[in-house]
Asks: 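Can you keep this structure in mind? I'll have questions shortly.
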Amino acid sequence: MKFTSYSRFAVAAVAVAAMTCFSAAHAQSAPTKIEKIGLMVQDMSNPFFAAMTKGAEDAAKAIGATVNTQDAQLDLANQNTQIDAFIQQGVNLIVISAVDEAGIEPAIARAKEAGIIVIAVDTPAKGADAVIMTDAVQAGEKSCEYLFSQMGGKGQVLLVDGTPIQTIIDRITGCKNVAKNYPDIKIVGQQASKNDRASGLAVTTDMLTANPDVTGIFGMNDPSALGAVLAVEQAGKTGQIKVTGVDGSPEAVAELKREGSPFIGTATQNPAEMVREAVKVAQEMVANNPPKEKTILIPSVLVSRDNVAQYAGW
């Protein structure tokens, strides 16, 4: 059987029409209202993300929306699966604290193709409509400025690092920026924790064994810093070493109030406010008012024993 030119044209037209229908089915228009919110956190065992969840619930309630929170357990594969589930559920907004800034980009692209607004919080995520995060460089600077000044501007320091996401990289950068202004401060050790207290304890114990004369430790978040505090106490160096962190968490506040603790300060974050701001930005996008700046930075302040009583906390 031979096709005429007309027949070939007709078949091609049908194929194009079918592809157009397929694309239309998978590329939905942007939402006109935020009714379903999907929140994706890195690790619910960290109190930071519990506070983020509370912020999402408050923001959802204020606009009459529902919220579904998913825990990635620091696994990119989990976040990929969670985004696909949110697409199937027809959420209007995904708020994500990404485990892997670049690795999550294809999944975010699928969500946006489905007409979902995607806002990153706490750390950037490629492809997101906006990112709302603490000024992480500033947080690292404030924590280490206070640590180094309380050390008298001299001594050996350990850095308890974390997983290689941008916000943590920025905090370490901030600390090292400040160290340049203190020629008698020497950073003698840097190891990555898993952002939690147990691994903070483990890596600090290892570094203290190799560097027994250390007098200061910067933990890039409060859980790792509080793990470092345990290591200091177990090593019998409570009077020798001062420790600071980043987060302004309830656990850090309690530690600042504990008499005799090596923990002396924390630079704040506001996880609940990040999510509330993300929902506000999404609401503005629905009203055809996209954010003028794609990165919105929340300032960090230093909480110490001197001002902890005035700190509102999470």
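We count residues from 1, following the sequence as given.
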Asks: Show the nearest heavy-atom pair for residues Pro271 and Phe48, with the distance to one decimal.
Replies: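 The answer is CB-O, 3.4 Å.
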
Asks: With side-chain contact (heavy atoms from CB on, under 4.5 Å) as the test, would you mind laying out the steps for Ile119 and Glu277 before giving the verdict?
Replies: CA-CA 10 Å; Ile119 308 290; Glu277 187 66 27; over 6 Å; no

Asks: Run the side-chain donor-acceptor check on residues 121-132: report pairs under 3.5 Å with partners two or more places apart or on a different chain.
Replies:
unit_1: Asp122; atom_1: OD2; unit_2: Ser97; atom_2: OG; d: 3.4
unit_1: Thr123; atom_1: OG1; unit_2: Thr167; atom_2: N; d: 3.4
unit_1: Asp129; atom_1: OD2; unit_2: Val118; atom_2: N; d: 2.8

Asks: Should Ile241 and Leu208 be marked as a side-chain contact (heavy atoms from CB on, under 4.5 Å) after you check the CA-CA gap, both sets of side-chain angles, and the distance that decides it?
Replies: CA-CA 10 Å; Ile241 299 175; Leu208 283 177; 3.6 Å; yes

Asks: If every non-hydrogen atom of Phe86 is compared with every non-hydrogen atom of Gly38, which pair is closest and at what distance?
Replies: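 Residues Phe86 and Gly38, closest heavy atoms: CZ-CA, 3.5 Å.
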
Asks: Just how far is it from atom CG of Leu74 to atom CG of Asp43, taken to the nearest 0.5 Å?
Replies: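 Nearest 0.5 Å value for the CG-CG distance: 4.5 Å.
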
Asks: Identify the residue among Gln42, Met274, Arg276, Met40 that makes a side chain to side chain contact (heavy atoms under 4.5 Å, CB included) with Met52.
Replies: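 With Met52 as partner, Gln42, Met274, Arg276, Met40 yield a single side chain to side chain contact (heavy atoms under 4.5 Å, CB included), made by Met274.
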
Asks: Scan for salt bridge (charged side-chain N to carboxylate O under 4.0 Å, His left out) pairs involving residues 52-74, sequence neighbours excluded, and state none if there are none.
Replies: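 Salt bridge (charged side-chain N to carboxylate O under 4.0 Å, His left out) check on residues 52-74 returns Lys54-Asp58.
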
Asks: Run the numbers on Gln70 and Gln79 for side-chain contact (heavy atoms from CB on, under 4.5 Å), then give the verdict.
Replies: CA-CA 8 Å; Gln70 295 294 315; Gln79 288 201 322; over 6 Å; no

Asks: For residues Gln89 and Lys36, determine if any side-chain heavy atom of one lies less than 4.5 Å from a side-chain heavy atom of the other.
Replies: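 They are not in side-chain contact.
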
Asks: If we ignore hydrogens and angles and just use 3.5 Å, is the side chain of Asn221 paired with the main-chain N or O of Ile168 as donor and acceptor?
Replies: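 Answer holds: no.
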
Asks: Spell out, yes or no, whether Ile108 and Ile116 are grouped together once hydrophobic residues are joined by side-chain heavy atoms under 4.5 Å, including indirect joins.
Replies: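 Both belong to a single hydrophobic cluster.
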
Asks: Flag yes if more than 12 heavy atoms outside Glu293 fall under 6.0 Å of its CD atom; otherwise flag no.
Replies: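 Counting neighbours around CD of Glu293, 12 or fewer heavy atoms of other residues, nucleotides or ligands fall under 6.0 Å, so no.
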
Asks: Sort and list the pairs that fulfil side-chain hydrogen bond (donor to acceptor under 3.5 Å, both in side chains) and have at least one residue in residues 235-246, not counting sequence neighbours.
Replies: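 The answer is Ser143-Thr244.
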
Asks: Please check if the side chain of Asn78 supplies one atom and the backbone of Ala72 the other of a donor-acceptor pair under 3.5 Å.
Replies: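 Side chain of Asn78 to backbone of Ala72, a donor-acceptor pair under 3.5 Å: yes, one is there.
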
Asks: Look at the side chain of Asn211 and the backbone N and O of Met207, then say whether any donor-acceptor pair between them is shorter than 3.5 Å.
Replies: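 Yes, Asn211 side chain to Met207 backbone: donor-acceptor pair under 3.5 Å.
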
Asks: Tell me if a side-chain donor or acceptor on Arg171 pairs with a main-chain N or O of Ala136 at a distance below 3.5 Å.
Replies: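 Such a contact is absent between Arg171 side chain and Ala136 backbone.
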
Asks: Kindly indicate whether the side chain of Asp196, heavy atoms from C-beta on, has any atom under 4.5 Å from the side chain of Asn46.
Replies: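 They are not in side-chain contact.
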
Asks: Within the structure provided, determine whether Ile34 and Ile63 are in side-chain contact (heavy-atom separation under 4.5 Å).
Replies: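 Side chain of Ile34 against side chain of Ile63, heavy atoms only: contact under 4.5 Å found.
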
Asks: Is there a path of hydrophobic side-chain contacts, each under 4.5 Å between heavy atoms of I, L, V, M, F, W or Y residues, that connects Tyr182 with Phe218?
Replies: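 In one cluster: yes.
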
Asks: Group every Ile, Leu, Val, Met, Phe, Trp and Tyr by side-chain heavy-atom contacts under 4.5 Å, then state whether Val253 and Trp314 land in the same group.
Replies: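 As far as the 4.5 Å side-chain criterion goes, Trp314 and Val253 are connected within one cluster.
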
Asks: Going by atom type alone, with no hydrogens or angles, which donor-acceptor pairs under 3.5 Å involve a side-chain atom of residues 148-159 and a protein atom two or more places apart or on another chain?
Replies:
unit_1: Ser149; atom_1: OG; unit_2: Glu145; atom_2: O; d: 3.2
unit_1: Ser149; atom_1: OG; unit_2: Tyr146; atom_2: O; d: 2.8

Asks: Minimum heavy-atom separation for Met220 and Val246, please, with both atom names.
Replies: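 Distance-wise, the nearest heavy atoms are O-CB, 3.5 Å.
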
Asks: Can Lys180 and Glu141 be counted as an ion pair, charged N to O under 4.0 angstrom?
Replies: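 No, no charged N to carboxylate O under 4.0 Å.
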
Asks: In the structure I gave you, are the side-chain heavy atoms of Ile96 and Val41 within less than 4.5 Å of one another anywhere?
Replies: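 Of all side-chain heavy-atom pairs linking Val41 with Ile96, none is under 4.5 Å.
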
Asks: Hey, mind stepping through Leu201 and Ser199 against side-chain contact (heavy atoms from CB on, under 4.5 Å) and telling me if it holds?
Replies: CA-CA 5 Å; Leu201 167 62; Ser199 59; over 6 Å; no

Asks: Which distance, rounded to the nearest 0.5 Å, do you find between the CG of Asn92 and the CE of Met285?
Replies: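 Taking CG in Asn92 and CE in Met285, the distance rounds to 12.0 Å.
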
Asks: Is the shortest side-chain heavy-atom distance between Leu226 and Leu230 below 4.5 Å?
Replies: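 SC-SC contact between Leu226 and Leu230 ruled out.
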
Asks: Are Val229 and Leu256 connected in a single hydrophobic cluster, I mean Ile/Leu/Val/Met/Phe/Trp/Tyr linked by side-chain heavy atoms less than 4.5 Å apart?
Replies: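 Same cluster: Leu256 reaches Val229 through Ile, Leu, Val, Met, Phe, Trp or Tyr contacts under 4.5 Å.
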
Asks: With a cut-off of 3.5 Å and sequence neighbours excluded, list every side-chain donor-acceptor pair involving residues 260-270.
Replies:
unit_1: Ser261; atom_1: OG; unit_2: Glu255; atom_2: OE2; d: 2.6
unit_1: Ser261; atom_1: OG; unit_2: Phe263; atom_2: N; d: 3.0
unit_1: Thr266; atom_1: OG1; unit_2: Asp222; atom_2: OD1; d: 2.9
unit_1: Thr266; atom_1: OG1; unit_2: Asp222; atom_2: OD2; d: 3.3
unit_1: Thr266; atom_1: OG1; unit_2: Asp247; atom_2: N; d: 3.3
unit_1: Thr266; atom_1: OG1; unit_2: Gly248; atom_2: N; d: 3.0
unit_1: Thr268; atom_1: OG1; unit_2: Val301; atom_2: N; d: 3.0
unit_1: Thr268; atom_1: OG1; unit_2: Val301; atom_2: O; d: 3.3
unit_1: Gln269; atom_1: OE1; unit_2: Thr134; atom_2: OG1; d: 2.7
unit_1: Gln269; atom_1: NE2; unit_2: Asp247; atom_2: OD1; d: 2.7
unit_1: Asn270; atom_1: OD1; unit_2: Glu273; atom_2: N; d: 3.1

Asks: Under 4.5 Å between any side-chain heavy atoms of Leu297 and Gln138, yes or no?
Replies: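 Leu297 does not reach Gln138 side chain to side chain.
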
Asks: Between Arg258 and Glu251, is a salt bridge (Lys or Arg N to Asp or Glu O under 4.0 Å) present by the stated rule, with each step listed?
Replies: CA-CA 11 Å; Arg258 182 170 72 90; Glu251 292 76 13; over 6 Å; no

Asks: Are Ile296 and Val281 side-chain neighbours, meaning at least one heavy-atom pair lies under 4.5 Å?
Replies: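 Side-chain contact under 4.5 Å: yes.
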
Asks: Looking at every non-hydrogen atom in both residues, tell me the closest pair between Thr53 and Met44 and how far apart they are.
Replies: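 Scanning both residues completely, I find the closest heavy atoms to be OG1-CE, 3.3 Å.
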
Asks: Could you check if a side-chain atom of Ser224 sits within less than 4.5 angstrom of a side-chain atom of Val160, using non-hydrogen atoms only?
Replies: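 Contact flag for Ser224/Val160 side chains = yes.
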
Asks: Which heavy atom of Val67 sits nearest to which heavy atom of Ala60, and what is that distance?
Replies: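 What the structure gives for the nearest pair is CB-CB, 4.2 Å.
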
Asks: Identify the heavy atoms of Ala107 and Ile83 that sit nearest to each other, and give their distance.
Replies: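 Heavy atoms only, the tightest pair is O-CG2, 3.4 Å.
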
Asks: Linking I/L/V/M/F/W/Y whenever their side-chain heavy atoms sit closer than 4.5 Å, directly or via other members, would Val203 and Ile217 fall into one cluster?
Replies: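 Yes, Val203 connects to Ile217 through the hydrophobic network.
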
Asks: Which donor-acceptor pairs under 3.5 Å do the side chains of residues 183-193 make with protein atoms, sequence neighbours left out?
Replies:
unit_1: Lys186; atom_1: NZ; unit_2: Pro183; atom_2: O; d: 3.0
unit_1: Gln190; atom_1: OE1; unit_2: Lys176; atom_2: NZ; d: 3.0
unit_1: Gln190; atom_1: NE2; unit_2: Asp161; atom_2: OD2; d: 2.8
unit_1: Ser193; atom_1: OG; unit_2: Asp161; atom_2: O; d: 2.9
unit_1: Ser193; atom_1: OG; unit_2: Asn195; atom_2: N; d: 3.0

